[in-house]
Amino acid sequence: NPFVPNNLIFPKVPAVEFLQKQPGFFRIGREHAEGFPPNTWIAYKLYSLEGYDPLYFNQYAKFMNFLNGVDLRSGGSSRYAEISQNYSSPFIDAANVRFFIGALKDQNSPFFEKTDYLTVFQDKSSIIFKNPNAQNRVYFAKSFKILPQIQLENMLMSDATFDPRSEVILSKNLHLDSTTGKGQATISDYSPNMVKIKTETQNNEILILADQYDEDWKAKIDGKETQVSQANLIFRAVKIPSGTHEVIFYYWTKSFEIGI
């Protein structure tokens with residue numbers, strides 16, 4: 001609204017300022033929309049697993065349905081993608097959700113039953129929990145399997161013991177026999193259409209970027225094109241050779257190329 005000052009629409013509040021001061025790349029979750037209305041975190045340069053969009057990827061809709069206990073094979077979605085239950089899902093950890101913000105008036109909600117979250121901030125109206133099990137935005141797969149997407153979806157709905165933090169299901173064969181999950185991966189540049197990552201490993205590994213997969217996301221390692229696989233339903237994965245390398249994920253859609 002051009003007639004209302006920016007500081008009234010996006011005010012500075014202690015809880016948000018606390019999140020803005022936290023180091024590294026991470027996502028936030030919410031107990032209730034009142035604490036952080038959909039998409040408003042963008043103005044504060046914060047990332048979230050949730051949001052509002054009248055049109056979003058079907059695979060993302062499946063992922064959010066799965067988090068909320070809905071059969072991901074059933075289809076259907078709301079324009080609001082929000083976590084409403086199952087705050088203990090290991091997929092939340094794998095998705096780099098490190099902090100949750102809640103409203104103190106809603107202490108009877110399932111959100112407050114997640115007892116291993118750590119209280120790191122509290123004021124009169126809000127509380128922030130830190131998820132000690134949250135994984136980094138980029139990490140190496142400790143083990144992996146290759147399954148077609150439909151088989152993965154069937155497995156997720158039938159196997160409650162599957163843990164995406166310790167095992168990765170790939171949709172493509174990246175031509176690697178095994179992994180150790182060990183190494184260093186650091187994001188050096190992060191923008192909407194490009195992510196640059198520095199890696200250092202002693203063995204060939206599989207690097208996971210916990211961002212939305214799409215066939216138009218490409219990757220290069222030291223300037224050479226490499227295959228990108230869908231990982232654990234929604235994320236991106238590439239094979240990393242041993243040694244020190246630079247990995248660049250970049251978005252380039254064929255329709256744009258044809259259009260120009």
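The ring-ring contact (aromatic ring centres under 6.0 Å, His included) search around Phe66 returns Phe91, not counting sequence neighbours. For Ala219, the side chain to side chain contact (heavy atoms under 4.5 Å, CB included) partners at least two apart in sequence or on another chain are Thr226, Val228, Val238, Phe249. In this structure Phe162 satisfies the ring-ring contact (aromatic ring centres under 6.0 Å, His included) test with no other residue, sequence neighbours excluded. Take Tyr47 and apply the ring-ring contact (aromatic ring centres under 6.0 Å, His included) test, not counting sequence neighbours, and it matches Tyr190. Residues meeting the side chain to side chain contact (heavy atoms under 4.5 Å, CB included) test with Gln202, sequence neighbours left out: none. Residues passing the ring-ring contact (aromatic ring centres under 6.0 Å, His included) test with Tyr56, sequence neighbours excluded: Tyr60.
Pairs of residues two or more places apart, or lying in two chains, that qualify as salt bridge (Lys or Arg N to Asp or Glu O under 4.0 Å) and include a residue from residues 55-70 are Lys62-Glu153. Listed by first and then second residue, the salt bridge (Lys or Arg N to Asp or Glu O under 4.0 Å) pairs involving residues 166-178 are Lys145-Glu167 (not counting sequence neighbours). Among residues at least two apart or in separate chains, salt bridge (Lys or Arg N to Asp or Glu O under 4.0 Å) pairs with a member in residues 190-203 are Lys198-Glu246. Within the structure, salt bridge (Lys or Arg N to Asp or Glu O under 4.0 Å) contacts touching residues 132-141 (residues at least two apart or in different chains) are Arg137-Asp211.
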Exercise. Dump the intermediate steps for side-chain contact (heavy atoms from CB on, under 4.5 Å) on Leu156 and Ile169, then the final yes or no.
Key: CA-CA 11 Å; Leu156 291 177; Ile169 307 298; over 6 Å; no

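Between Val247 and Leu209 there is no side-chain heavy-atom pair separated by less than 4.5 Å.
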Determine all donor-acceptor pairs shorter than 3.5 Å in which one atom belongs to a side chain in residues 3-24; sequence neighbours excluded.
| unit_1 | atom_1 | unit_2 | atom_2 | d |
| --- | --- | --- | --- | --- |
| Gln20 | NE2 | Tyr44 | O | 3.2 |
| Gln22 | NE2 | Phe18 | O | 2.9 |

Throw together a table of side-chain donor-acceptor distances under 3.5 angstrom for residues 179-186, partners on residues two or more places apart or in other chains.
| unit_1 | atom_1 | unit_2 | atom_2 | d |
| --- | --- | --- | --- | --- |
| Thr179 | OG1 | Ala141 | O | 2.9 |
| Thr179 | OG1 | Lys142 | O | 3.2 |
| Thr180 | OG1 | Lys182 | N | 3.1 |
| Thr180 | OG1 | Glu205 | OE2 | 2.4 |

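Ring to ring, Trp217 and Tyr213 are not that close: their centroids are 6.0 angstrom or more apart.
Side chain of Asn68 to main chain of Met64: a donor-acceptor pair is present (N/O by atom type, distance under 3.5 Å, no hydrogens or angles).
When only modelled atom types and interatomic distance are considered, Asn203 and Thr201 share no side-chain donor-acceptor pair under 3.5 Å.
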